[in-house]
Every structure is written in structure tokens, then in C-alpha cells.
Undergrad: 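Could you have a look at this structure, given as C-alpha cells, before my questions?
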Amino acid sequence: EDGSRFRPVLSFKANNGDWCREYLLESDTSAGRGVACFDDGNWVTQVFSAQAVPGTNTEYRPAGSVDSDKVAQFVADNASNVALGAKEEAEVIAGGWQ
């Protein structure tokens with residue numbers, strides 16, 4: 001509603017069985033990254049860091065170059081396996097994140 005741009009970065013299953021997505025959120029005046037998990041039919045932000053992300057969404061950024069410690073630590077502590085590939089993610093989305 002406010003013109004912010006949301007870009008999913010990766011999706012993974014958490015240790016508790018919930019599906020989670022790391023994301024970038026940018027507006028004209030701010031940027032940040034976070035992780036939201038699908039819980040009881042709703043996406044709930046678990047961690048968010050309002051750090052500026054250099055460049056634009058279309059520019060190359062090396063992995064980990066601007067990782068927020070809070071976000072990176074959440075993923076490291078909670079991911080039960082590797083992030084989903086495009087095909088696996090499409091299947092999980094089609095299944096309603098079940």
C-alpha cells in the first residue's frame with residue numbers, strides 16, 4: 001500500500017516445521033531485510049533489520065555481502081535444511097505452504 005517493494009530471497013523449512021522466507025523490503029527512503037514464517041495461515045515476521053541495502057534489486061550482490069547479523073543468525077539457528085530451489089518452492093506455494 002505504501003509503495004514498498006518486497007523481494008523474496010530464499011525459502012526454507014524451519015526446525016518447527018513452518019515454512020519461512022527471507023526477504024528484502026525497500027521503499028524510496030529505506031531498506032531492510034527480514035524473515036517471515038507461515039503460521040496458522042498468516043505470514044509473521046520473526047526478525048527484521050532496517051539496514052540500508054546498497055544498490056538496487058537488479059544489481060548483483062555477492063552472497064553475504066550485506067547480511068544483517070540478526071537475519072543471518074535466525075536462518076542459521078532455524079533452518080532445518082537447505083533453501084528450496086525454484087521447482088520445490090513452486091510446489092510448496094501451489095500446496096498452500098503445507
Side-chain angles (χ1 to χ4, degrees):
E1 293 176 7
D2 65 0
S4 296
R5 295 167 299 282
F6 172 86
R7 183 176 133 206
V9 177
L10 61 85
S11 300
F12 61 93
K13 187 169 250 187
N15 293 326
N16 67 0
D18 290 342
W19 287 104
C20 299
R21 295 187 105 179
E22 181 182 358
Y23 62 88
L24 298 176
L25 185 63
E26 296 178 307
S27 72
D28 292 337
T29 59
S30 64
R33 67 189 310 126
V35 175
C37 296
F38 198 67
D39 182 31
D40 246 357
N42 296 298
W43 287 101
V44 179
T45 295
Q46 304 297 310
V47 62
F48 185 80
S49 178
Q51 292 181 316
V53 179
T56 66
N57 278 347
T58 59
E59 291 181 70
Y60 172 77
R61 294 185 198 128
S65 65
V66 293
D67 274 351
S68 155
D69 288 339
K70 292 190 308 186
V71 173
Q73 192 62 53
F74 182 88
V75 173
D77 290 346
N78 291 282
S80 66
N81 208 333
V82 297
L84 297 176
K87 180 181 176 189
E88 294 85 8
E89 184 178 69
E91 292 170 355
V92 171
I93 291 170
W97 294 97
Q98 300 300 315

Undergrad: Can you give me the closest heavy-atom contact between Gly34 and Val71, atom names plus distance?
TA: CA-CG2, 3.9 Å
Undergrad: What are the two closest non-hydrogen atoms of Arg5 and Ser27, and how far apart are they?
TA: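 Heavy atoms only, the tightest pair is NH2-O, 3.4 Å.
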Undergrad: Is it the case that the side chain of Ser80 and the backbone of Lys13 share a donor-acceptor pair, with hydrogens and angles ignored and the cut-off at 3.5 Å?
TA: yes
Undergrad: About how many Å separate CG of Asn81 and CD of Glu88, when rounded to the nearest 0.5 Å?
TA: 10.5 Å
Undergrad: Please round to the nearest 0.5 Å and tell me the distance separating atom CG of Asn78 and atom CD of Gln73.
TA: 9.5 Å
Undergrad: Using 30° and 60° as the class limits, which term best fits the ring planes of Phe38 and Trp97: parallel, tilted or perpendicular?
TA: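 Geometry flag for Trp97 against Phe38: tilted rings.
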Undergrad: I need the minimum non-hydrogen distance between Asp77 and Asn15, along with the two atoms involved.
TA: O-ND2, 3.1 Å
Undergrad: If I take atom CD from residue Gln46 and atom CD from residue Glu22, how far apart are they, to the nearest 0.5 angstrom?
TA: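 So the gap between those two atoms works out to 13.5 Å.
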Undergrad: Let me confirm one number: the CG-OG distance from Leu24 to Ser4, rounded to the nearest 0.5 Å.
TA: 12.5 Å
Undergrad: Is there a side-chain contact between Ser49 and Phe74 (heavy atoms, below 4.5 Å)?
TA: no
Undergrad: In this structure, would Phe48 and Phe6 fall into the same cluster of hydrophobic residues linked by side-chain contacts under 4.5 Å?
TA: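 Yes, because Phe48 and Phe6 connect within a single hydrophobic cluster, where side-chain heavy atoms sit under 4.5 Å apart.
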Undergrad: Within the 4.5 Å heavy-atom criterion, are Trp19 and Ile93 side-chain neighbours or not?
TA: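 No, every pair of side-chain atoms sits at 4.5 Å or beyond.
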Undergrad: Looking at CG of Leu10 and CZ of Arg21, how far apart are the two atoms once the value is rounded to the nearest 0.5 Å?
TA: 9.0 Å
Undergrad: Below 4.5 Å, heavy atoms only, C-beta onward: do Val35 and Tyr23 meet side chain to side chain?
TA: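 No, every pair of side-chain atoms sits at 4.5 Å or beyond.
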